[in-house]
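Both backbone and side-chain heavy atoms feed into the values below; hydrogens, waters and symmetry mates do not. Letters A, B, ... are given to chains in the order of the sequence lines, protein chains preceding strands, and every chain is numbered from 1.
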Amino acid sequence: MLKREEVREGISKLSPEVEIVYFDSEEKLIREIFNILWEYPFVITFNGDDFDLRYLLHRAERFGIRREETPIELGRRVCTLKYGIHIDLYKFFFNRSIQVYAFGNKYRDVTLEEVSKALIGKSKVSIEKPLTELTYMELAEYCLRDAELTYELTSFNNELVMKLILVLCRISRMPMEDVSRQGVSRWIRSFLYYEHRRKNMLIPNTEDILAIKGKTATKAIIKGKKYKGAIVVEPVPGVHFNVAVLDFASLYPSIIKVWNLGYQTVLCPHPECKTNLIPDTPHWVCTKKRALESLLIGALRDLRVKWYKPKSKDKSLPEDKRNWYEVIQAAIKVILNASYGVFGAESFDLYCPPVAEATAAIARHSLTQVIKRAKEIGIEVLYGDTDSVFLKNPTKEQIEELIEWSEKQLKMGLDVDKVYRYAVFSSRKKNYLGVMEDGRVDVKGLTGKKRHIPKIIKEAFDLMKERLAQVKSSADFEQAKKDISQIVLDCYLKLKRRKWEKLEDLAFHVVLGETPANYVKTTPQHVKAARLLEKRGVELKAGDLISFVKVVKEPHVKPVELATNNEIDVDKYIGYLQSTFEQVLDALGLDFNEIIGLTKLERFM
DNA sequence: CCGACAGCCCAACATT
DNA sequence: AATGTTGGGCTG
């Protein structure tokens with residue numbers, strides 16, 4: 001720590017083995033930090049690329065410490081070490097694939113506080129004063145905790161993160177420093193390029209692939225997308241008991257494997273292959289040669305499904321071995337999940353639109369076929385999305401038959417993913433709720449689970465969820481419906497009578513996709529609130545979370561910290577409550593307006 | 001500058 | 001007032 005005038009010692013809450021070293025000049029402090037950095041083969045930071053290491057380097061220059069004396073190498077967007085490997089966990093945890101597939105979306109904002117809370121259940125030391133006003137002991141405590149959290153993010157769960165990085169290195173053939181910073185498209189590029197070189201193949205230029213194979217032939221449903229994607233089945237609204245959810249095992253990678261897809265084989269030059277058409281497209285696939293992507297993605301898929309996944313569940317293996325298999329299968333899953341998308345991404349060096357398009361087309365065909373077959377053998381299909389079918393009360397035999405049929409006819413693995421005791425569908429796609437046998441509740445897409453909605457509505461929604469978890473049979477529903485009506489009514493009255501506890505409970509929370517000034521086409525509500533904050537001198541940028549409430553007067557929103565209770569637009573909130581709950585109430589045969597006591601007549605007055 | 005994809009829902013905004 | 005567009009949050 002740097003000795004400074006007027007800084008008090010403070011009271012130490014640190015454990016006795018912590019040693020504090022004081023320096024009387026910043027230069028000496030920095031030189032000592034550098035000495036320590038030289039000693040370590042790995043240095044882990046959280047945002048060290050953009051802050052810690054960069055800052056140290058620049059401070060060092062101020063004191064005339066020469067570049068040769070510093071252990072830090074300055075890159076354009078990275079800071080590396082001359083001896084040792086610097087891993088910036090901020091970059092690693094920021095990676096969408098890591099966030100979603102490796103950590104199941106447990107953290108949302110990529111901050112040390114958020115990620116630590118989510119993954120290791122620990123928090124930063126909270127401080128009320130500006131850093132400069134802390135006593136030495138407070139500062140020491142604060143910094144030490146940050147260091148501990150950062151380290152523990154790599155050590156928790158048997159060093160999961162370090163193992164994951166190591167496995168990804170081995171698959172992608174990239175150095176740890178790169179693999180921990182770059183996105184999944186770079187991993188896949190590196191992996192495919194390596195195999196090209198190993199087989200002594202030419203690596204095509206990006207523009208040559210596009211020139212020869214061309215663009216896409218199908219029309220996307222969503223404006224602005226390049227090609228047609230997945231199918232979503234119109235749900236059968238209502239409550240359904242005993243719903244089996246079947247899905248294809250890693251559908252897209254399986255298609256790439258089974259259908260021999262790759263930039264070489266789709267629209268190949270052989271006239272005799274032109275009859276080997278891909279359903280729903282004018283494209284054909286080669287019948288003579290194997291595509292490298294198909295081979296490699298297929299091999300990865302098989303390794304995961306047939307070796308690593310079963311080994312990770314094999315109870316006869318020692319714990320640490322099983323754990324290692326688990327890490328590997330998770331790492332392969334991350335790569336497989338992205339392996340189709342990259343072919344449709346312009347930024348990918350083996351970008352090949354017809355390959356992506358063919359994969360999606362075959363997926364539609366496969367799902368359609370399964371639905372058709374299910375109906376043929378007498379099963380009602382309630383819903384389906386991309387790779388799944390929701391079957392109403394099927395028998396064991398029917399399920400077995402469907403799975404066998406898929407294996408034989410489509411060469412595609414179909415499995416029972418889960419069974420819902422009952423499921424609730426509205427008429428909306430990607431919006432449903434399922435209660436599993438053990439009482440866990442899956443909520444998909446419903447407004448009630450979205451993170452931007454006010455706490456007061458979310459809490460009511462969660463109460464309803466808990467109540468629904470207790471329903472075992474259709475007879476149970478009668479009482480549950482009454483209880484749910486009461487939950488909705490309570491929340492309605494709390495709003496109508498302005499009896500909320502805190503204003504924060506009414507706040508919507510929306511992330512800025514851009515810096516406020518960049519919104520030129522429209523001004524969404526959270527941007528309006530953001531601009532009010534900016535007027536107060538708050539600096540805002542993309543990624544910042546804006547919390548605002550809805551008020552009566554123009555512009556109808558206010559940042560929560562600037563608002564008062566009496567200006568709240570209660571009717572807006574009631575409207576929101578209504579639309580949130582109606583997604584479920586509809587299916588239960590309940591009516592929002594009746595619940596809150598409006599008779600049909602009153603509603604028309 | 002940042003970089004896997006498409007489809008769906010909702011609310012608010014902008015335009016006709 | 002009706003209709004299309006934008007932006008965010010979600011599913012898969």
Side-chain angles (χ1 to χ4, degrees), chain A residues 76-77 91 94-98 100-101 105 108 181-189 216 218-235 245 247-248 250-253 297 334-353 355-357 359-361 363-364 367 383-389 417 426-432 442-453 508-515 518-529 542-543 545-546 550 555-557 572 575-576 578-580 582-583:
Chain A
R76 239 160 41 118
R77 283 185 297 275
K91 296 247 169 82
F94 192 85
N95 184 316
R96 284 293 294 164
S97 299
I98 295 296
V100 177
Y101 296 115
N105 256 327
R108 280 182 152 143
R181 284 173 176 81
Q182 295 177 349
V184 71
S185 72
R186 292 303 186 93
W187 304 346
I188 294 170
R189 177 183 79 171
T216 53
T218 57
K219 190 168 176 297
I221 288 176
I222 297 176
K223 221 182 97 184
K225 301 290 185 188
K226 294 184 285 266
Y227 56 91
K228 188 176 282 194
I231 290 182
V232 187
V233 179
E234 199 73 52
V245 183
D247 68 0
F248 289 113
S250 32
L251 177 64
Y252 288 0
I297 292 166
V334 171
I335 291 187
L336 286 178
N337 272 327
S339 64
Y340 135 79
V342 293
F343 293 111
E346 277 152 284
S347 55
F348 184 56
D349 298 82
L350 297 173
Y351 174 52
C352 189
V355 169
E357 182 177 39
T359 312
R364 289 195 298 278
L367 189 67
Y383 180 62
D385 186 349
T386 311
D387 61 350
S388 64
V389 279
D417 176 34
S426 68
S427 54
R428 301 159 186 85
K429 295 172 174 182
K430 295 183 188 276
N431 270 270
Y432 65 91
D442 267 350
V443 178
K444 302 289 184 179
L446 301 179
T447 305
K449 85 173 290 193
K450 296 192 175 179
R451 74 153 164 179
H452 72 275
I453 69 162
F508 288 82
H509 312 277
V510 180
V511 172
L512 281 173
E514 310 264 358
T515 305
N518 288 355
Y519 289 84
V520 284
K521 286 180 181 157
T522 57
T523 314
Q525 294 203 316
H526 66 296
V527 178
K528 289 194 167 113
L545 189 69
I546 308 296
K550 306 215 176 195
H556 303 300
V557 291
K572 270 269 173 271
Y576 224 94
Q578 174 165 12
S579 59
T580 303
E582 253 171 7
Q583 295 173 350

Engineer: Between C/dG12 and B/dG3, how far apart are the P atoms? Round to whole Å, please.
Structural biologist: 25 Å
Engineer: Base, sugar-phosphate, or nothing for A/S579, non-hydrogen atoms under 4.0 angstrom?
Structural biologist: sugar-phosphate
Engineer: If you look at every strand shown and take non-hydrogen atoms under 4.0 Å, does A/R77 touch a base, only sugar-phosphate, or nothing?
Structural biologist: sugar-phosphate
Engineer: Is the closest side-chain heavy-atom distance between A/T386 and A/Y252 below 4.5 Å?
Structural biologist: yes
Engineer: If you walk 5' to 3' along DNA chain C, what is the first nucleotide with an atom under 4.0 Å of a heavy atom in chain A, and what is the last?
Structural biologist: C/dT5 to C/dG12
Engineer: What nucleic acid atoms does A/Q583 come within less than 4.0 Å of, heavy atoms only: base, sugar-phosphate, or nothing?
Structural biologist: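 If one applies the 4.0 Å heavy-atom cut-off, A/Q583 turns out to touch the sugar-phosphate alone, with no base involved.
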Engineer: Under 4.0 angstrom, heavy atoms only, what part of the nucleic acid is A/R189 near: base, sugar-phosphate, or nothing?
Structural biologist: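 It contacts nothing in the nucleic acid.
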Engineer: Under 4.0 Å between any heavy atoms, over every strand shown, what does A/V527 touch: base, sugar-phosphate, or nothing? Just pick one.
Structural biologist: nothing
Engineer: By the 4.0 Å heavy-atom rule, please label A/G229 as base, sugar-phosphate, or nothing.
Structural biologist: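 Sugar-phosphate only.
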Engineer: Classify the nucleic acid contact of A/R186 as base, sugar-phosphate or nothing, counting any heavy atom under 4.0 Å across all strands shown.
Structural biologist: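 Counting heavy atoms under 4.0 Å across all strands, the contact made by A/R186 includes a base.
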Engineer: Reading DNA chain B in the 5' to 3' direction, which nucleotide is the first one with an atom under 4.0 Å from a heavy atom of chain A, and which is the last?
Structural biologist: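 It runs B/dC2 to B/dA14.
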Engineer: Taking any heavy-atom pair under 4.0 Å as a contact, classify A/F343: base, sugar-phosphate, or nothing.
Structural biologist: nothing
Engineer: A/T523 near the nucleic acid: base, sugar-phosphate alone, or nothing, with a heavy-atom cut-off under 4.0 Å?
Structural biologist: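 Contact class for A/T523: sugar-phosphate only.
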Engineer: Are side-chain heavy atoms of A/L251 and A/Y340 found at a separation under 4.5 Å?
Structural biologist: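 Of all side-chain heavy-atom pairs linking A/Y340 with A/L251, none is under 4.5 Å.
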Engineer: Is there side-chain contact between A/R181 and A/F94, with at least one heavy-atom pair below 4.5 Å?
Structural biologist: no
Engineer: Which of these passes side-chain contact (heavy atoms from CB on, under 4.5 Å) with A/H526: A/I546, A/L545, A/V557, A/V511?
Structural biologist: A/I546
Engineer: Could you say whether A/T522 or A/L545 is positioned toward the 5' end of DNA chain C, judged by the nucleotide with the nearest heavy atom to each?
Structural biologist: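 Its nearest nucleotide lies further toward 5', so the answer is A/T522.
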Engineer: Is it the case that A/T218 and A/E357 place a side-chain donor and acceptor less than 3.5 Å from each other?
Structural biologist: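 Present: a donor and an acceptor within the cut-off.
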Engineer: Report which part of the nucleic acid A/H526 touches: base, sugar-phosphate, or nothing (heavy-atom distance under 4.0 Å, all strands).
Structural biologist: sugar-phosphate
Engineer: Report the relative orientation of the aromatic rings in A/F508 and A/H452; use parallel for angles under 30°, tilted for 30 to 60°, perpendicular for over 60°.
Structural biologist: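 Rings of A/F508 and A/H452: parallel, under 30°.
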Engineer: Would you classify A/Y576 as touching base, sugar-phosphate or nothing, given that sugar-phosphate means primed atoms plus P, OP1 and OP2, and contacts are heavy atoms under 4.0 Å?
Structural biologist: sugar-phosphate
Engineer: Scan A/K429 against the nucleic acid and name what it touches under 4.0 Å (heavy atoms): base, sugar-phosphate only, or nothing.
Structural biologist: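 It contacts sugar-phosphate atoms only.
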Engineer: Remember a base hit wins even if backbone is also touched, and classify A/S347 as base, sugar-phosphate or nothing at under 4.0 Å, heavy atoms.
Structural biologist: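 Base contact.
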Engineer: Taking atom NZ as the centre, does A/K226 end up with more than 12 heavy-atom neighbours from other residues, nucleotides or ligands that are less than 6.0 angstrom away?
Structural biologist: yes
Engineer: Using a strict 4.0 Å threshold on nitrogen-to-oxygen distance, state whether A/K429 and A/D385 make a salt bridge.
Structural biologist: no
Engineer: Pick base, sugar-phosphate or nothing for A/Y101, based on heavy-atom distances below 4.0 Å to the nucleic acid.
Structural biologist: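 Base contact.
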Engineer: Do the side chains of A/K550 and A/Q525 get nearer than 4.5 Å, heavy atoms only?
Structural biologist: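 A/Q525 reaches A/K550 side chain to side chain.
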Engineer: Using heavy-atom distances to pick each residue's nearest nucleotide on DNA chain B, tell me which of A/V184 and A/K219 is more 5'.
Structural biologist: A/V184
Engineer: Check whether any side-chain heavy atom of A/I297 sits under 4.5 Å from a side-chain heavy atom of A/L336, and report yes or no.
Structural biologist: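 With C-beta onward as the side chain, the pair touches.
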